[in-house]
Structure formats: structure tokens, C-alpha cells
2 protein chains.
Amino acid sequence: MSSDDTYAGAGNLQATLDLLWGTQEPPSRGPKPSLSVEQVVRTAIALADADGLDGLSMRRVAEELSVGTMSLYRYVPGKSELVDLMLDAVQAELPTGTSPGSPDTWRAGLTEVAHGEYALYRRHPWVLRVSQARPLFGPNSMAAYDAALRTVEGLGLSAHEMASMAAAVSCYVQGTARITVEFDTAARRSGISDEQWWGTQLPFMTAAFAEGRYPTLAKVYQGGAYDPDDDFFSFGFGLERVLDGIESYVRTRKAQP
Amino acid sequence: MSSDDTYAGAGNLQATLDLLWGTQEPPSRGPKPSLSVEQVVRTAIALADADGLDGLSMRRVAEELSVGTMSLYRYVPGKSELVDLMLDAVQAELPTGTSPGSPDTWRAGLTEVAHGEYALYRRHPWVLRVSQARPLFGPNSMAAYDAALRTVEGLGLSAHEMASMAAAVSCYVQGTARITVEFDTAARRSGISDEQWWGTQLPFMTAAFAEGRYPTLAKVYQGGAYDPDDDFFSFGFGLERVLDGIESYVRTRKAQP
DNA sequence: GCGAAATCGGGTATGGTGTACGCGGAATCA
DNA sequence: TGATTCCGCGTACACCATACCCGATTTCGC
């Protein structure tokens, strides 16, 4: 067990937003900086991609950049703020060119958005470790969110309903990624192999099953639901369920005057 | 921005499982312990409930219990392992007495499970900060999971499908809780009020909208989708969508021989 | 051109975290 | 009774973020 809880939108919000939106004038006096904010952010992303948020420290970023740790505070106000910048930077990878929604195309559009989001978590698993309850909105995150909403435009949904649909899909995608992506990185991060993790606890489970405890779980387990295979947990299957639900609502709602 | 990434199922798995399942013999020699594992776990839960995982440290738990920090390591192998114990302990609060699923009752059953899970996150927001990608299964978590699976029993679903349905709902519940529960605790944790958070970034957003950027998002925002109200983000609405999708699948699947 | 002002680089220090190691004392076993 | 086991916890170490401040660099204004 390692430890680092990370929350978007903390620290010096004003300074972070100024950096995100490029609204601060460059200094007109003083020594020339040896780095740029973009360099710091890029380096931090690479470190987090490689070693997770656990592996991200100001010292390590400084080391990678061959500067003193405290120099970094010339570029970003703090570690919190650095993570906010990282979050917006990686969201540049999300789809932005979605088509406006229509009864025939919204499902494909929302599927594209969902897959794009899922792929982002695959590339940058650390993003899942940052609480997005109160995000800071930068140019990239707003563009991606605009694109997602666009897929459910033109269906006669209220603004609130549109936001809810996009959010339901995103919640599902994130929830799934937490299982699949984090499962895939767990062995490396923890130093405990999947076989060891499963093998250590299996005897406890099978002993409980043998006593007749947890009968449905026993049946599902014995039915092979958790057998290791490539589609151990099906992103596509569950996504279809969520989209089915949205489709049902869209269809039903249209039927009402 | 504060920092603590927390992963279930790390550290000394064997020792943790022995504690979870009560499979270790109490010592027959040596001084009598002044505490119990349950006391340590209970105190840690109370601290985490009050101050989040950020606020949980071995030093603080020891202080609450009026013992030296290092004494705690007599009861739990480490902080990782303590969190695993905490996770199973709070899951005792989840519903376990669900009825076996049937075409008429599965939806109500799964709704009960979803609401129970959501309520757990409300009471113990820190649980959301622990990655469950590779959990350790203790008696309470297995009982709760068994109960969830029981609601989708008897519908002719395969073991894999049953697991997928339960997981889709859980993913949705967790995703939603991350937004609503963590939003509600964000101001206190960060020291930044909701008004400050929103008010600091709103000028940047409205400036972008004024330039014609993010048109769909602008429309949704101006349509009042993010206005503060009690049902800002609707847990029930989204859950119905997910359940609708499952219902559609269950109905469709039954139609196939 | 010079002095003042602004800003960069980063050393030092502080406060916080988890936990390895090992000593003294308490309790039980043979 | 002596040997063995185990509890309590002090000490020390390694790691983390960052406040404060000094010296050096660069630009502005007179």
C-alpha cells in the first residue's frame, strides 16, 4: 500500500488558471529563465506515466531537468498546481472533432468519446488517481467536454439531461478504467504479482465456500466469471448497457409531447 | 492539492488476510496487549471519516489511543494493511439480506444494493480514495458482493454476465459518488470555498464563451445545467439509465433460445 | 552609464510521514 | 527458575513539500 491522494483544483487557483489560459504577462526584467512551464509539465507527465503519482515528486522532476528542486517553484506555485496543469495538458489527447448529435449518430459519437476517454486512462493511468470532483477548467478540458456534449445535442434533451448523459457515460468509463487499467499496473507498482495476490487469498475464499458461505458468489466464481482471459472485464459490454439505457430514455422522451 | 494514493491489496497480504479471517492463534506467551486490532481499526476509521485519508497517519492513530506510534506495528503490519482492514470493516454496513433475483424483483434489488453502496461512500468518503483494482477479500466484502450478485440471479444470465451487471452498476455508483460526495467534502478539505473555486475560474470560461469557443458547453452552461441546487448531479436519474440498459439486455436475452 | 527594481537559481531549514532496529520489561512454558 | 516469546516504544533514518532568504542576472528609468 502506497499513499497519495490527489485533488484537482486545490492550491493557488488564480496562479494556476493564469498559467492554464496564458493570461499572465512574461516578466520584463530579471534573469532569463532556463526552463518553461511546458517543459516542467511535460517532464512531470513523463514521470507520472512511468511511475504513477507515487513516483512524482518535485525532487524527481528537478533531477530530470538537471535543476535544483526549489527552482521549480519559479515556474509552478506548487505540486498541486503542477498536477492541475498536467491534467489539462493530457486532455489535449481527447477527441474534439465530434459531429453534432442526431437520432442516428449520437450513439456512435458518444461511443467515440467514451473510447477516447478510456484510451487516455490507458496512456496516463495516474489521471485516475486525481479526484475530479472540483476540477479546474483549462482550454483542453473544456474542448473535450464541449465535444462530448455535442454528441448528445439535437435530441431534444434539456441542458441538465445532456450534462447528465455525458456524465453517466464518463462515470462508467472511469469506473471501468479503475478496474482494468489499475489492475494492469498493480503488479508492477506493488511488487506483488497477480498470481501471488490471487493465490494468497484463494485458500481463504475456498474455505469459506466449502462451509457454504456466500453461495451466489461461489456459484459465479465456479462458473468461471473471474477466469483470466483477455476480456476479463468487458468495457464494451458494459458501455453498451449504459448506452442502451440512454437510448431507451431518448426514445421514450421523444414520444412525450 | 494534497496527496495520498491508496491501493487495496498491497503490503503483507498473508498477515492481512490472517487478521481479516481470524486465522491466527492468539499468542500464548508474553505481555498482555493493551489494545486489540479492532480498536486500532475503529480508531483509524473514525480519523479517516473525520479528516480523510490525508488525515490518517500512524502517529495520529497512536495519539488517539494514547500509545506510542511504534506500538501500532504490534497489531497491524503497516499502514497499507491497516487500510485493507478498514475497508473490510466498513463494508459490514452494506446490505446483505437481498432477495434472490427474478424477472420481477431484480431491479428493486439492484437498486437497494446501489443505494447501500452510495450511502457507504457518503458515510466514509475516504473509501473512494482507495483503488479497488486488486482488493483483498474479507468476510464483509464477500458477504456484500454475494448479496449484490444474488439480485441478478435467476435471470438466465451466465456467470460472466452476472458479474458484469453487478460491476456496471458499481462502477456507476462509484463514479457518481466521486463527484457528489467528494464535491461536498472539497471545501472543507481544501480550505477553498465552492464560491471561490467557481468564481475564480468563471471569468476565464465566460471570456472563452464570448470569443465563441466551446459553443455546446456554453449553451449547456447557459441552459442552467450547473446551477447550484440540491440535485445538481442526479444519482437516481443516471442509475435508472444504467438499469434501463440492463433491463433491455435481460429482456432481449430471454427472447433468444 | 548607473542605480534601482524585478526576477532567477537554489541552499538551508523546518515540519511532516512511514517504519527498521533493538533494548528493557512482562508473561508464559517446560 | 531459567528460557522463550512477545509487548511498548525510543531512536534513527529516508523521503516528502516548501518557506525564507542571499547572491547573481537582467531590464527599466533617469
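Residue numbers start from 1 in every chain, and the chains themselves are labelled A, B, ... in the order their sequence lines are given, proteins ahead of strands.
- The number of heavy-atom neighbours closer than 6.0 Å to CZ of B/Arg188, taken from other residues, nucleotides and ligands shown, is 12 or below.
- Taking atom CG on A/Leu53 and atom P on D/dA17, their separation rounds to 11 Å, with Å as the unit.
- Donor-acceptor pairing under 3.5 Å, judged by distance alone, is present between the side chain of B/Arg59 and the base of C/dG18.
- Under 3.5 Å, the side chains of A/Asp18 and A/Thr23 contain a donor-acceptor pair of N or O atoms.
- For B/Tyr121 and B/Trp126, the distance between ring centers is not under 6.0 angstrom.
- Annotation: proximity of residues 16-26 of chain B to DNA chain C (heavy atom, distance under 4.0 Å) is found for no residue.
- Between B/Tyr118 and B/Phe235, the ring planes lie parallel to each other; the angle is under 30°, not in the 30° to 60° tilted range.
- The distance from atom CD of B/Glu63 to atom P of C/dG16 is 11 Å, rounded to the nearest whole Å.
- No donor-acceptor contact under 3.5 angstrom links the side chains of B/Tyr221 and B/Thr206, judged on distance only.
- Under the 6.0 Å cut-off for aromatic ring centres, B/Trp197 and B/Phe183 qualify, their centroids lying closer than that.
- Counting to the nearest Å, the P atom of D/dA17 and the CD atom of A/Glu81 are 13 Å from each other.
- Atom CG in B/Asp51 sits roughly 15 Å away from atom P in C/dG16 (whole-Å rounding).
- Contact annotation: A/Lys32 side-chain N/O to D/dT26 OP1/OP2 distance is not under 4.0 Å.
- We find that CD of B/Gln39 is positioned 11 Å from P of D/dG8, with the value rounded to whole Å.
- Heavy-atom distances to DNA chain C give each of B/Pro31 and B/Ser57 a nearest nucleotide, and the one nearer the 5′ end belongs to B/Ser57.
- No side-chain donor from either of A/Thr200 and B/Gln14 sits under 3.5 Å from a side-chain acceptor of the other.
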Would you list the atom pairs, donor with acceptor, under 3.5 Å between side chains in residues 25-46 of chain A and any protein atom, with sequence neighbours excluded?
residue : atom : partner : partner atom : Å
A/Ser36 : OG   : A/Gln39 : N            : 3.1
A/Gln39 : OE1  : A/Ser36 : N            : 2.9
A/Thr43 : OG1  : A/Gln39 : O            : 2.8

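- You won't find any donor-acceptor pair under 3.5 Å spanning the side chain of A/Arg29 and the base of C/dT7, going by distance alone.
- Figure legend: cation-pi geometry between B/Arg129 and A/Tyr7, with NZ or CZ positioned under 6.0 Å from the six-membered ring centre and within 45° of its axis.
- Scanning residues 66-77 of chain B for heavy-atom distances under 4.0 Å to DNA chain D yields B/Val67, B/Gly68, B/Met70, B/Ser71, B/Arg74, B/Tyr75.
- A/Met58 has its CE atom 18 Å from the P atom of D/dC15, to the nearest Å.
- Between B/Ser34 and D/dG8, a side-chain N or O to OP1/OP2 separation shorter than 4.0 Å is present.
- In this structure, CG of B/Asn12 is placed 15 Å from C1' of C/dA20, rounded to the nearest angstrom.
- Each of B/Gly30 and B/Pro33 was assigned the nucleotide of DNA chain D with the nearest heavy atom; the assignment lying further toward the 5' end belongs to B/Gly30.
- Across the protein-nucleic acid pair, A/Leu47 atom CG and D/dC16 atom P stand 11 Å apart, rounded to whole Å.
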